[in-house]
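Since the structure is predicted, the reported quantities are computational estimates derived from the model, not experimental observations.
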Amino acid sequence: MVKVAGVRFKAAGKVYYFDPAQLELAAGDNVIVETARGVEFGMLAADVMEVEEDDIIAPLKPILRKATEADAVRHEENLKKKERALQLCQEKVDKHGLEMKLVDVEYTFDNSKVIFYFTADGRVDFRELVKDLAGVFKMRIELRQIGVRDETKMMGGIGSCGRELCCHAWLPDFEPVSIKMAKVQNLSLNPIKISGICGRLMCCLQYENETYCHLKKGMPDVGERITTRDGKAVVMDVNILENKIKTRLVLEEKTDAKPEKLSTEYYIYGKEEIQRAPNKRQDKGQMAKKGKKKASPMADADLTAMSESDLQAQADLLELE
């Protein structure tokens, strides 16, 4: 086990581990640390704790000292200089006619470097811009291109829920979000309703996904035929959270002469009260496995020769079946 101090440099930023050395530190203390970018002003996210050696990247850089009042004043002065720095940089961007949108700027605590964050549709040749900025600021200049999610995290805003954006308020890292999560939660697939201010899928789709996946096990799909204590039925709606399956009973089976007849009333069951028909896809897979002959070396060679895109296309086709 190794003693570490977790330091955060922004309100909702990542937590980075440093060596607390022999300092008496507690959560909320402001500290001065040395990073790859230079000397920085940060705050302890939690009390000093012990973690496994595998959870850190050794060697840890030590915390230089606790921040003094003079350090705090200097940090505030750096924050106040941001507006002027953005204005000067925007003037230079307009002068060179570059297709880029400035988002934010940061000064390192020791004023050895100034970092400009921007978004752009493609790559931007900003070599001449950097030369001009270096002449104005008289320090090292770094321009860093970021994505739309990072831009939203920096700028902040109000989400469709009426609350401050999670990424700006407290979310330290972006988690992968997919359209499948919206489908599992039975949400509208309208892009406007499930997308955030950044234009990407909302981060909150991921929060309850694990719970929904657990509760959905054993639940039928809408339109599926099931067996209940009252007979065969067709699933009309499924409420995963309440464990309710809304159905209509099959009064008469479909024949060549007449269509299937369903009850006008709805019957509601829990997933433990129904029986589902065997999964046809699984049955097909098991039958194919039993009847599968030993593949020849030539067949193996053909499979190996398939490109990754061909294999993915084949997998997609199998999923659609």
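Within 6.0 Å of the CG atom in L189, the count of heavy atoms belonging to other residues, nucleotides or ligands exceeds 12. Dense packing is recorded around CG of D94, with more than 12 heavy atoms of other residues, nucleotides or ligands lying under 6.0 Å away. Taking a 6.0 Å sphere around NZ of K81, one finds it holds more than 12 heavy atoms contributed by other residues, nucleotides or ligands. Within 6.0 Å of atom CD in E50, more than 12 heavy atoms from other residues, nucleotides or ligands are found, so the atom counts as buried in its surroundings. Within a 6.0 Å radius of CZ in R140, other residues, nucleotides and ligands contribute 12 heavy atoms or fewer. More than 12 heavy atoms of other residues, nucleotides or ligands shown are found within 6.0 angstrom of CD on E272.
A salt bridge does not link R123 with D125: every distance from a Lys NZ or Arg NE/NH1/NH2 to an Asp or Glu carboxylate oxygen is 4.0 Å or more. Salt bridge status for E142 with R37: absent, with no side-chain N to carboxylate O gap under 4.0 Å. Taking the charged nitrogens against the carboxylate oxygens, R144 and E106 have no contact shorter than 4.0 Å, which rules out a salt bridge.
With N111 contributing its side chain and T108 its backbone, the two residues share a donor-acceptor pair below 3.5 Å. Using modelled atom types, no side-chain atom of R8 and backbone atom of V15 make a donor-acceptor pair closer than 3.5 Å. Listed for the D71 side chain is a donor-acceptor partner under 3.5 Å among the backbone atoms of T68. Side-chain atoms of K153 come within 3.5 Å of backbone atoms of L171 as a donor-acceptor pair (strictly under, hydrogens ignored).
Between F137 and F116, the ring centre distance stays below 6.0 Å.
No side-chain heavy atom of V39 sits less than 4.5 Å from a side-chain heavy atom of S112. E260 is listed as a side-chain neighbour of R225, based on a closest heavy-atom distance under 4.5 Å.
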